[in-house]
Amino acid sequence: MNYSDLEKKYIFQTYKRNPVLFVKGKGKYLWDDKGKKYLDFFSGLSVCSVGHCHPKVVEAIKKQSEKLIHTSNLYYLKPQIELAKMLSGMFFGGKVFFSNSGAEANECAIKLARKWGSINKNVKNKAGRYEIIAFNDSFHGRTIATLSATGQKKFHKDFNPFLSGFKFAEFNNIASVKKQITGKTCAILIEPVQGEGGINIAEKGFLKELRKICDKNKLLLIFDEIQCGLGRTGKMFAYENYGVEPDILTIAKSLGGGLPIGATVAKPNIADTLKYGDHGSTFGGNPVCCSAAIEVLKIVSNKKLLKNIKEVGEYFILKLKGLQNKHSSIIKDVRGIGLMIGIELKIEGKGIVSKCLEKGLLINCTQDKILRFLPPLIINRKDVDTVIDILDDVLNAQTSV
């Protein structure tokens with residue numbers, strides 16, 4: 001019995017897996033069980049942003065795991081405090097709650113916003129505020145609360161009823177946001193760059209208007225940067241591209257360099273809304289994960305790397321637009337920021353993903369027709385040229401069919 005049969009027998013069938021078994025990773029490459037080498041331009045869904053098995057991350061994991069793997073959040077943990085201090089220094093002196101994933105980070109943000117709204121009552125609604133405005137095509141996680149905040153019906157099928165208190169506006173449409181505000185609204189939740197939604201980039205003016213609306217109506221502005229944060233856009237945080245400060249920031253995915261960790265960072269006066277016993281996570285802030293995350297932050301915050309992300313990203317988009325001109329019958333649009341890039345196709349993309357896999361290139365397709373590129377942040381122009389050549393070959397074959 002092969003690994004595919006074993007997987008079907010023993011594991012929930014919730015993933016459409018590609019026919020490959022990876023056994024080793026280093027930098028921007030992965031190797032399968034047959035020794036074939038792959039260039040990874042998906043990086044575990046934006047997780048392995050500093051590359052696979054970065055030596056500094058591996059060393060931090062080794063050192064910490066030899067000393068202490070887990071105790072409890074009922075005690076002080078040095079790596080947790082050190083990581084929180086680093087994040088606080090990057091986010092307006094904010095306070096941090098650690099969890100294990102992006103969904104959990106967003107759960108914390110939702111609870112925080114609702115409690116904040118309940119104790120910050122207004123004249124129109126003496127019972128407090130609890131409604132959160134999110135956006136169509138958004139994705140905030142797969143728990144019931146975060147699915148309730150996700151603006152994609154395909155993720156909702158068969159899981160009703162969802163939590164009440166979530167309203168949806170059109171991305172980059174400020175008028176649609178204003179229509180959703182009531183005396184019960186407590187927050188606006190948005191991804192500055194929608195990932196799962198199709199690499200949709202917020203307009204600068206739109207986010208600035210959201211900040212004004214929140215200030216005027218005394219609402220919290222929550223930025224979900226789980227996929228677009230931590231260097232992915234060429235800035236440490238995506239909001240830095242806009243000059244707009246959120247009140248709450250959620251991050252995860254790449255934070256642990258491959259280990260599971262999420263973080264909800266909030267400005268101190270907002271973070272203090274949650275009191276003892278209001279929230280918790282058994283494994284949140286695990287010392288091994290925090291030790292890995294400390295090294296990730298050191299690596300990603302390097303100005304040379306951030307500059308490389310911006311420059312290589314611009315080069316990648318330029319080359320993709322060249323492909324668009326050549327294959328205009330297949331490619332509808334190219335969009336992205338930093339190394340978070342998408343190609344919108346006029347056909348379904350799963351076949352192209354499969355052909356790229358055969359040629360040793362890992363990419364992804366979202367929304368059926370959008371090829372998504374989330375490579376390690378350490379790639380260079382030569383890697384981009386390799387990808388362009390492979391895509392060109394695959395698209396040429398597609399045209400000739």
Side-chain angles (χ1 to χ4, degrees), residues 7 11-12 14-22 25-30 32 38-54 57 99-106 137-143 146-147 150 152 154-155 191-201 224-233 237-238 250-263 289 292-293 296 300 309 313 316 335-343 349-350 352-354 356-357 361-379 383 387:
E7 188 271 346
I11 298 178
F12 277 34
T14 57
Y15 298 102
K16 289 184 179 180
R17 300 184 193 269
N18 290 289
V20 59
L21 177 65
F22 289 120
K26 184 176 181 181
K28 50 202 157 190
Y29 299 106
L30 285 166
D32 66 18
Y38 298 78
L39 178 58
D40 187 0
F41 258 54
F42 190 48
S43 60
L45 224 171
S46 196
V47 169
C48 300
S49 67
V50 297
H52 295 280
C53 301
H54 192 288
V57 175
S99 52
N100 309 289
S101 66
E104 289 175 81
N106 281 335
D137 295 322
S138 61
F139 183 82
H140 298 293
R142 294 182 182 272
T143 65
T146 53
L147 272 181
T150 291
Q152 297 190 58
K154 68 179 182 180
F155 293 113
E191 302 157 273
V193 184
Q194 292 182 333
E196 187 68 34
I199 313 297
N200 303 314
I201 305 167
D224 174 346
E225 294 209 13
I226 287 158
Q227 188 172 138
C228 66
L230 299 175
R232 177 59 58 186
T233 65
F237 299 110
T250 59
I251 51 177
K253 289 195 182 297
S254 64
L255 181 57
L259 294 188
I261 182 171
C289 295
V296 170
V300 176
I309 295 164
F316 193 10
R335 54 183 178 263
I337 179 172
L339 289 174
M340 188 173 185
I341 299 169
I343 296 177
K350 61 182 180 180
I352 293 175
V353 172
S354 296
C356 285
L357 180 68
L361 172 65
L362 303 180
I363 61 173
N364 171 254
C365 180
T366 187
Q367 298 293 313
D368 296 326
K369 293 184 177 181
I370 298 171
L371 301 181
R372 179 167 46 165
F373 303 89
L374 299 166
L377 306 179
I378 58 174
I379 64 163
D383 299 318
V387 171

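Computation of the quantities below employed the complete heavy-atom set of this structure, encompassing side-chain atoms and omitting hydrogens, waters and symmetry-equivalent molecules.
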Participant: What do the steps show when you test Leu230 against Phe237 for side-chain contact (heavy atoms from CB on, under 4.5 Å), and what is the final call?
Facilitator: CA-CA 5 Å; Leu230 299 175; Phe237 299 110; 3.9 Å; yes

Participant: If I take atom CZ from residue Phe42 and atom CG from residue Asn364, how far apart are they, to the nearest 0.5 angstrom?
Facilitator: 3.5 Å

Participant: Do you know the tightest heavy-atom contact between Ala263 and Leu255?
Facilitator: CB-CD2, 4.1 Å

Participant: Please answer whether the main-chain N or O of Leu374 pairs with a side-chain N or O of Ser43 as donor and acceptor at a distance below 3.5 Å.
Facilitator: yes

Participant: Do Ser46 and Arg232 pass the side-chain hydrogen bond (donor to acceptor under 3.5 Å, both in side chains) test, and can you show the C-alpha distance, the side-chain angles, and the key distance before you say yes or no?
Facilitator: CA-CA 8 Å; Ser46 196; Arg232 177 59 58 186; 3.3 Å; yes

Participant: What pair of heavy atoms forms the shortest contact from Ala105 to Thr250, and how long is it?
Facilitator: O-CG2, 3.5 Å

Participant: Please name all residues satisfying side-chain contact (heavy atoms from CB on, under 4.5 Å) with Val47, sequence neighbours left out, ordered by chain then number.
Facilitator: Lys253

Participant: Determine the minimum heavy-atom distance between Gly349 and Cys365, stating which atoms define it.
Facilitator: CA-SG, 3.8 Å

Participant: What closest approach, in Å, do Val57 and Val296 show between heavy atoms, and which atom pair accounts for it?
Facilitator: CG2-CG2, 4.0 Å

Participant: Among residues at least two apart in sequence or on other chains, which ones pass salt bridge (charged side-chain N to carboxylate O under 4.0 Å, His left out) with Lys28?
Facilitator: Asp383

Participant: Could you check whether any side-chain N or O of Thr233 sits under 3.5 Å from a backbone N or O of Ile337, counting only pairs where one atom can act as donor and the other as acceptor?
Facilitator: no

Participant: Pair Leu45, Arg372 - check side-chain contact (heavy atoms from CB on, under 4.5 Å), show working.
Facilitator: CA-CA 9 Å; Leu45 224 171; Arg372 179 167 46 165; 4.0 Å; yes

Participant: Side chains of Arg335 and Ile370: does their closest heavy-atom pair fall under 4.5 Å?
Facilitator: yes

Participant: Taking only residues two or more places apart in sequence or in another chain, which ones pass side-chain contact (heavy atoms from CB on, under 4.5 Å) with Lys154?
Facilitator: Gln152, Gln367

Participant: So which atom in Ala292 and which in Gly256 form the shortest heavy-atom distance, rounded to 0.1 Å?
Facilitator: CB-O, 3.5 Å

Participant: Applying side-chain contact (heavy atoms from CB on, under 4.5 Å), can you list everything that pairs with Asn18, at least two apart in sequence or on another chain?
Facilitator: Val20, Leu357

Participant: Taking side chain as C-beta onward, heavy atoms only, is Val387 less than 4.5 Å from Leu39?
Facilitator: yes

Participant: Tell me every residue that passes salt bridge (charged side-chain N to carboxylate O under 4.0 Å, His left out) with Arg142, counting only those two or more places apart in sequence or in another chain.
Facilitator: none

Participant: Does any part of the side chain of Ile199, heavy atoms only, come nearer than 4.5 Å to the side chain of Gln194, both counted from C-beta?
Facilitator: no

Participant: What are the two closest heavy atoms between Cys289 and Pro260, and how far apart are they?
Facilitator: SG-O, 3.4 Å

Participant: Please round to the nearest 0.5 Å and tell me the distance separating atom CG of Leu339 and atom SG of Cys228.
Facilitator: 13.5 Å

Participant: Nearest 0.5 Å, please: how far is OH in Tyr15 from CD in Glu7?
Facilitator: 10.5 Å

Participant: Decide yes or no for Glu191 and Ser138: does some side-chain heavy atom of the first lie under 4.5 Å from some side-chain heavy atom of the second?
Facilitator: yes

Participant: Within this structure, what is the CG-CZ distance for the pair Leu371 and Phe41, rounded to the nearest 0.5 Å?
Facilitator: 13.5 Å

Participant: Quick one, Cys48 and Pro376 - any side-chain contact, counting heavy atoms below 4.5 Å?
Facilitator: no

Participant: In the structure I gave you, are the side-chain heavy atoms of Phe139 and Gln227 within less than 4.5 Å of one another anywhere?
Facilitator: no

Participant: Take Leu21 and Asp32 through the side-chain contact (heavy atoms from CB on, under 4.5 Å) test and state the conclusion after the steps.
Facilitator: CA-CA 5 Å; Leu21 177 65; Asp32 66 18; 5.6 Å; no

Participant: With a 4.5 Å cut-off on side-chain heavy atoms, are Tyr29 and Asp40 touching?
Facilitator: no

Participant: Please check this pair: side chain of Thr150 against backbone of His140, looking for a donor-acceptor N/O pair closer than 3.5 Å.
Facilitator: yes

Participant: Return the OG to CD1 distance between Ser49 and Ile378, rounded to the nearest 0.5 Å.
Facilitator: 9.0 Å

Participant: Please round to the nearest 0.5 Å and tell me the distance separating atom CD1 of Ile363 and atom CD1 of Ile341.
Facilitator: 12.0 Å

Participant: Under 4.5 Å between any side-chain heavy atoms of Ile226 and Asn106, yes or no?
Facilitator: yes

Participant: So, using side-chain contact (heavy atoms from CB on, under 4.5 Å) as the criterion, who are the partners of Ser354 when residues are at least two apart?
Facilitator: none

